[in-house]
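Notes to accompany the following structure.
In each ligand, atom 1 is the first atom listed, and ligand 1 is the first ligand listed.
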Amino acid sequence: MLEGKRIVLGVSGGIAAYKAVEVCRRLVDAGAHVIPVLTEGSQHFIGRTTFDALGSEPAWTGLWDERHPIPHTHLGQTADLVLVAPATARVLGLYAGGISEDLLTNVLLATRAPVLVCPAMHTEMWEHPAVRDNLRLLRSRGVHVVEPESGRLAGGDVGTGRLADPAVIVATVQQLLAGEEHLDLTGVRLVVTAGGTREPIDPVRFIGNRSSGKQGHAIAAEAAARGAKVTLVTTSASPAAAEIDLVRVDTAAEMAHALETRAEHADVIVMAAAVADFRPVAVAPDKIKKSGGVPEITLEATPDILADLAAHRRTGQIIVGFAAETSDLRANAAEKLRRKGIDLIVANDVSAPGVGFEHDTNEVVILGADGSVQDVPFADKRVIARAILNVVSTLRSKP
Ligand code: CTP
């Protein structure tokens, strides 16, 4: 399954370095080309000879290696995946801080390949706020993590911090590399909306909301990367990849109009846009002057695009809605899911720090009409997009 994949196996200096030997052997058995990169600390725990013998090429231990004049860029650029097992608090800290101190941290900064870190350390260190913050930051940038287990640690202590089982680590590597090449949405016609609508009051003022459109744009990019034919109806001025059919709109009415023809043929519709619920009944033709006193603006409801789409859906069409809540997240989202008659709802608590509107990160729960519940922890919006599309993909494969 890993035939021909180039995996950099970074080993840093913890007692769990001995388990990296087993990880290396399993990856090689699965067909991967494993390139061991050892930190100086790791070599106090395990000799390089072991990795020279078991890896696919002799271990790399420093920036000054006769095999290549610039080893870090060579290894980083050619890797299909960089795995760090065990990842010490030091390596996580350097990586989060963007500091290139040795060959491994240089490779981590020089790669665009997916990175999987497997932390291992004593419980006190694992629970330290600095380590938690670094890991949170790395996650938000799309770094994958296999959490440590609970059990016996060095020195006879018991607690959380033990390196995950090598079998679990290798299975995660396989999953990640399969996912990277997964074109599970090939040919699927997907329409996604993004951004907050702006409902004009007069030629210069509008009623709007804080939505940036980033989550919708991330869904469009991820779906296109997985082979879908994507139409993105957005209020945001952000660019999109050339293969995405981009439709820019401003108001709820324009968004509804843009979807009229486009939604009909879609296999999947994702309403990530924050559509205004109300708009001024009349738009003043000229700028309202404050000399005329405080204006009275009468509002009317906008059409509920999502509910209309669900009411007129084609057989087999999957409809996904979003719920931005500030309290009772699950209960409100479950009620919205039922009321709107859709298949999935992606709910986030927009009052939580770093979540939702205007941020690059999000944390959501995905509820299905079939009763399914999936929590997606705090991560970059592209990672959240991946999780949403995984659920959509699973739903599509159900008979
Ligand atoms: N939506 C829509 N058309 C509207 C309003 C919302 O299609 N006029 C869609 C959004 O794109 C999103 C979901 O409905 O997918 C969010 O619903 P929301 O407006 O938050 O729910 P409401 O029914 O208005 O409930 P509440 O205001 O009580 O939160």
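In the candidate list Leu337, Asp277, Thr197, Asp277 is nearest to atom 27 (O) of ligand 1, counting heavy atoms. Remark: among candidates Ala252, Ala347, Ala273, Ala324, the nearest residue to atom 10 (C) of ligand 1 is Ala273, based on non-hydrogen atoms.
For Arg226 and Asp184, the salt-bridge test passes: some basic side-chain N is under 4.0 Å from an acidic carboxylate O. Asp202 and Lys289 are not joined by a salt bridge, as no carboxylate oxygen comes within less than 4.0 angstrom of a charged side-chain nitrogen. The pair Arg314-Asp267 meets the salt-bridge criterion, since a charged nitrogen lies less than 4.0 angstrom from a carboxylate oxygen. For the pair Arg330 and Asp375, the salt-bridge criterion is met [side-chain N within less than 4.0 Å of a carboxylate O].
Looking only at side-chain heavy atoms (C-beta outward), Glu325 and Lys336 come within less than 4.5 Å of each other.
Close contacts of ligand 1 with Met271, meaning ligand atoms under 4.0 Å from a residue heavy atom, involve 7 (O), 11 (O), 12 (C), 15 (O). When each atom of ligand 1 is checked for a heavy atom of Thr302 under 4.0 Å away, the hits are 8 (N). Proximity to Ala276 (heavy-atom distance under 4.0 Å) selects the following atoms of ligand 1: 8 (N). For ligand 1, the atoms sitting less than 4.0 Å from at least one non-hydrogen atom of Gly321 are 15 (O), numbered in the order shown with element in parentheses. Interface of Arg339 with ligand 1, defined as ligand atoms under 4.0 Å from a residue heavy atom, comprises 23 (O), 25 (O). Which parts of ligand 1 touch Pro303 is read off a 4.0 Å heavy-atom cut-off, strictly below it: atoms 3 (N), 4 (C), 8 (N).
Neither the backbone nor the side chain of Ala323 comes within contact range of ligand 1; no heavy atom lies under 4.0 Å.
Between Val275 and ligand 1, no N or O atom pair is found at a separation short of 3.5 Å.
Trp126 carries Arg132 over the face of its six-membered ring, with the cationic atom under 6.0 Å from the centre and within 45° of the normal. For the pair Arg136 and Phe378, the cation sits on the ring face: its NZ or CZ lies under 6.0 Å from the ring centre, inside 45° of the axis.
Using a 4.0 Å heavy-atom cutoff, Ala272 is absent from the residues neighbouring ligand 1. Heavy-atom separations between Lys340 and ligand 1 include at least one value shorter than 4.0 Å.
Counting protein heavy atoms under 4.0 angstrom from atom 20 (O) of ligand 1 gives one or more.
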